[in-house]
There are 2 protein chains.
Amino acid sequence: MLSKKAKYAIHALIHLAKLADDGPVLISTIAEKENIPHKFLEAILLDLKKDGILASKKGKGGGYYLLKHPDEVNMADVMRLFDGAIALLPCVTYKYYERCEECKDEETCGIRDVFLQVRNTTVEILKAATLSQIIKIEGNLIL
Amino acid sequence: MLSKKAKYAIHALIHLAKLADDGPVLISTIAEKENIPHKFLEAILLDLKKDGILASKKGKGGGYYLLKHPDEVNMADVMRLFDGAIALLPCVTYKYYERCEECKDEETCGIRDVFLQVRNTTVEILKAATLSQIIKIEGNLIL
DNA sequence: TATAAAGCCTATAAACTAAGTAGGGTATAG
DNA sequence: CTATACCCTACTTAGTTTATAGGCTTTATA
């Protein structure tokens with residue numbers, strides 16, 4: 001399951017993507033509209049900023065805004081940022097690779113093979129799911 | 001990520017599937033061969049028994065053995081048993097459905113759509129991954 | 001240049017979960 | 001009838017998640 005952090009991040013990002021041309025948005029505004037605890041959201045947005053997805057402006061008239069284009073922000077990246085590896089086994093991850101402790105021989109491990117497939121198809125779908133794409137889907141679903 | 005419980009369960013099941021015709025296997029034997037803490041494995045095997053996948057025989061000459069055919073035991077079932085829902089969001093699960101708290105409108109939720117796709121393809125792969133299948137793959141990989 | 005606005009930073013706490021341990025109870029083959 | 005081996009309940013320990021508290025720093029603007 002996704003952590004709340006990741007879920008909140010996605011909601012905040014979509015919120016910001018929809019208002020991409022309206023200048024900085026207050027943490028408080030996002031928190032209220034998206035039902036996210038204010039202080040918790042603060043930490044989340046900071047992480048997204050450190051990762052280069054968002055930028056912020058301090059002081060009066062400040063707030064957060066998207067730095068990357070909505071086309072360039074996908075769910076795989078967001079999930080990795082907050083929840084770590086997408087794969088279900090450490091031995092089939094890309095960035096977080098680790099050997100499975102109890103595994104006797106990785107080469108002939110039939111379990112590995114299955115979960116590698118799962119990882120690959122999952123990453124494919126999540127990479128295609130950009131902010132633009134999600135907003136577009138929501139638009140179509142309303143019809 | 002899979003819990004250790006689920007991983008241990010898979011290893012134990014494969015172990016038992018390979019020895020399906022040799023009568024009951026001792027917990028101690030599986031624990032030793034698969035590097036699983038004995039007491040922990042005890043609890044895991046009991047869960048698998050309660051779920052109808054394994055059966056056991058008490059007393060001298062006892063142990064655990066597969067009740068279901070290796071064709072009928074797949075990774076989706078094992079994962080659900082130990083780690084709960086396979087989906088990454090509670091609102092796209094089959095058996096464990098729950099509304100996402102922060103979700104304003106499930107009908108028009110673009111996030112839901114993405115994670116429903118992920119769930120469906122994942123379940124498809126995991127259902128196809130039966131014990132027989134995994135053992136077969138391992139056999140082929142050795143070549 | 002004071003001052004309010006708004007993000008930044010560190011520490012802490014409460015609740016939950018995962019992983020494993022302890023110790024005895026119960027059934028059964030020989 | 002006793003050694004064997006699974007069954008059951010409770011507990012512990014460590015780590016993670018989900019926050020909250022409180023003050024610090026930057027900045028627009030009156």
Side-chain angles (χ1 to χ4, degrees), chain A residues 1-12 16 23-32 34-51 53-67 79 81-85 88-90 96 100-102, chain B residues 1-12 16 23-32 34-67 79 81-85 88-90 96 98 100-102:
Chain A
M1 287 276 172
L2 280 192
S3 68
K4 291 221 168 188
K5 237 176 176 169
K7 268 205 261 184
Y8 289 157
I10 295 172
H11 284 287
L16 287 171
V25 182
L26 294 184
I27 296 179
S28 319
T29 306
I30 305 174
E32 198 188 338
E34 304 294 337
N35 288 308
I36 305 173
H38 182 279
K39 277 292 191 177
F40 200 34
L41 179 58
E42 214 174 295
I44 292 166
L45 296 179
L46 213 48
D47 285 342
L48 287 166
K49 183 186 171 184
K50 280 176 189 155
D51 200 60
I53 296 174
L54 297 182
S56 65
K57 210 179 147 190
K58 284 186 182 178
K60 201 168 186 175
Y64 274 94
Y65 55 95
L66 264 183
L67 191 59
M79 269 195 64
L81 183 59
F82 292 101
D83 292 352
L88 294 169
L89 291 180
Y96 302 85
C100 283
E101 304 165 32
E102 68 288 343
Chain B
M1 287 279 173
L2 281 193
S3 68
K4 292 221 168 191
K5 238 176 175 168
K7 268 205 261 182
Y8 289 157
I10 295 171
H11 284 287
L16 287 171
V25 182
L26 294 182
I27 296 178
S28 317
T29 305
I30 304 174
E32 197 190 335
E34 304 295 336
N35 288 308
I36 306 172
H38 182 280
K39 276 293 195 179
F40 200 34
L41 179 59
E42 213 175 295
I44 292 166
L45 296 180
L46 213 49
D47 285 343
L48 288 166
K49 182 188 172 181
K50 280 175 188 153
D51 201 60
I53 296 174
L54 297 182
S56 65
K57 213 179 144 191
K58 282 187 182 177
K60 201 169 184 177
Y64 274 96
Y65 54 95
L66 265 184
L67 191 59
M79 271 195 64
L81 183 58
F82 292 101
D83 293 352
L88 295 167
L89 292 180
Y96 302 85
E98 246 176 85
C100 283
E101 304 165 33
E102 68 288 342

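Chain letters run A, B, ... following the sequence lines, proteins first, then strands; residues in each count from 1.
When the nucleotides D:dC7, C:dC9, C:dA19 are ranked by their closest atom to the side chain of A:K50, C:dC9 comes out on top. Between C:dG20, C:dC8, D:dC7, one nucleotide has an atom nearer to the side chain of B:K49 than all others, and that is D:dC7. Listed candidates were D:dA19, D:dG23, C:dT21. Nearest to the side chain of A:Y8 is D:dA19.
Counting all heavy atoms, side chain and backbone alike, A:G61 lies closest to A:P24 at O-CG, 3.9 Å. For A:Y64 against A:L16, the heavy-atom pair with the smallest separation is O-CD2, 3.5 Å.
To the nearest 0.5 Å, atoms CD1 (B:I36) and OG (B:S28) are separated by 12.0 Å.
The distance between atom CZ of B:F40 and atom P of D:dC6, rounded to the nearest whole Å, is 18 Å. Atom NE2 in B:H38 sits roughly 15 Å away from atom P in C:dG23 (whole-Å rounding). Look at NZ on A:K60: it is 16 Å from P on D:dT27, rounded to the nearest Å. Nucleotide D:dC11 holds its P atom 18 Å from the CD atom of B:E42, rounded to whole Å. Computed from coordinates, the A:K57 NZ to C:dA5 P distance equals 17 Å when rounded to whole Å. Going from atom CD1 of A:I44 over to atom P of D:dT17 covers 12 Å, rounded to whole Å. What separates NZ of B:K58 from C1' of D:dA3 is a distance of 15 Å, to the nearest Å. Taking atom CG of residue A:L54 and atom P of nucleotide C:dG7, one finds them 12 Å apart after rounding to whole Å.
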Cut-off 3.5 Å, no hydrogens considered: what does the side-chain donor-acceptor table look like for residues 38-53 of chain B, sequence neighbours left out?
| from | atom 1 | to | atom 2 | distance (Å) |
| --- | --- | --- | --- | --- |
| B:K49 | NZ | B:S56 | OG | 3.0 |

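Checking the phosphate oxygens (OP1, OP2) of D:dA5, no side-chain nitrogen or oxygen of B:Y64 falls inside 4.0 Å. Dashed line: the shortest gap from a side-chain N or O of B:S56 to OP1 or OP2 of D:dC7 is under 4.0 Å.
Across all strands, A:L45 comes closer than 4.0 Å to no nucleic acid atom at all (heavy-atom distances). In this structure, B:K4 reaches the sugar-phosphate backbone alone: every heavy-atom distance under 4.0 Å involves primed, P, OP1 or OP2 atoms, never a base. Within the nucleic acid shown, A:F82 has no heavy atom closer than 4.0 Å to any nucleic acid atom.
Residue order along DNA chain C, read from the 5' end via each residue's closest nucleotide, puts A:I27 first among A:I27 and B:K39.
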Test log, rule side chain to side chain contact (heavy atoms under 4.5 Å, CB included), inputs A:K7 and B:L89: CA-CA 9 Å; A:K7 268 205 261 184; B:L89 292 180; 3.7 Å; yes
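Under 3.5 Å, the side chain of B:K5 and the base of C:dG20 form no donor-acceptor pair of N or O atoms.
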